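Input: a single structure, listed below in structure tokens.
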Amino acid sequence: MNIPQRVATALLSFMLISVVGCASTPKSEGAGEYVDDTVITTKVKAAILNEPMLKSREINVESFKGIVQLSGFVSSQPDIDKAVEITRNIKGVKSVKNDMRIK
């Protein structure tokens, strides 16, 4: 094997290891998924914040692989329903886990 082939092989091996190293597992996210979930979380928080009927400071939002968990306290069942509806309409949201409570 000549030097350019060795360099190419080494580079390809390094890139393959890097890609595998960034792959997600059932309990953790890869780099791309983390960015996607950060964007989803930000969009959900902004949408909830822009809804005047909701007290958004009391609603927590977390995302993992497109699954959004809403938690915290709200005043009524319609508030819960509205927050879930808003969340479901955000691009990239696969499902919504509702852990909000009425205070």
Side-chain angles (χ1 to χ4, degrees):
M1 215 188 272
N2 61 27
I3 292 177
Q5 286 177 329
R6 287 183 185 186
V7 170
T9 302
L11 255 167
L12 185 59
S13 297
F14 176 75
M15 290 172 55
L16 183 60
I17 289 169
S18 296
V19 169
V20 172
C22 290
S24 65
T25 63
K27 293 184 180 181
S28 68
E29 297 175 301
E33 290 172 318
Y34 177 77
V35 171
D36 292 344
D37 282 331
T38 301
V39 170
I40 290 170
T41 299
T42 302
K43 286 181 178 181
V44 170
K45 286 181 178 180
I48 289 174
L49 181 63
N50 288 329
E51 176 55 51
M53 106 180 223
L54 297 175
K55 292 182 180 178
S56 60
R57 283 183 256 147
E58 296 184 18
I59 299 175
N60 301 309
V61 181
E62 293 182 30
S63 301
F64 182 71
K65 296 188 176 188
I67 301 168
V68 178
Q69 177 180 0
L70 300 175
S71 61
F73 297 94
V74 294
S75 301
S76 65
Q77 185 62 47
D79 288 353
I80 291 173
D81 297 340
K82 187 66 174 177
V84 170
E85 175 190 343
I86 288 170
T87 303
R88 284 193 177 125
N89 289 322
I90 300 296
K91 183 179 178 186
V93 173
K94 295 177 183 174
S95 66
V96 180
K97 182 177 180 192
N98 174 21
D99 289 328
M100 292 180 286
R101 304 283 181 249
I102 299 171
K103 61 178 174 176

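Bear in mind the structure is a predicted one, so any value in this text is a computation, not a measurement.
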Checklist entry - Does the side chain of Asn60 reach to within under 4.5 Å of the side chain of Leu70, using non-hydrogen atoms? => result no

Next on the checklist: Are more than 12 heavy atoms, taken from residues, nucleotides or ligands other than Glu62, located less than 6.0 Å from that residue's CD atom?
Outcome noted: no

In one Ile/Leu/Val/Met/Phe/Trp/Tyr side-chain cluster, 4.5 Å: [X], [Y]:
X: Ile48; Y: Met53; value: yes
X: Met100; Y: Leu49; value: no
X: Ile40; Y: Ile67; value: no

Checklist entry - For the residue pair Val68 and Ser63, what are the closest heavy atoms and their distance? => result CG2-OG, 3.6 Å

Next on the checklist: Let me confirm one number: the OG-CD distance from Ser95 to Gln69, rounded to the nearest 0.5 Å.
Outcome noted: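 Reported to 0.5 Å precision, the distance equals 10.5 Å.
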
Checklist entry - Got a second to check how far Thr41's OG1 is from Asp36's CG, nearest 0.5 Å? => result 10.5 Å

Can you give each donor-acceptor pair under 3.5 Å made by side-chain atoms of residues 80-94, sequence neighbours left out, with the distance rounded to 0.1 Å?
{"from": "Asp81", "atom 1": "OD1", "to": "Gln77", "atom 2": "NE2", "distance (Å)": "2.9"}
{"from": "Thr87", "atom 1": "OG1", "to": "Ala83", "atom 2": "O", "distance (Å)": "2.8"}
{"from": "Asn89", "atom 1": "ND2", "to": "Glu85", "atom 2": "O", "distance (Å)": "3.0"}

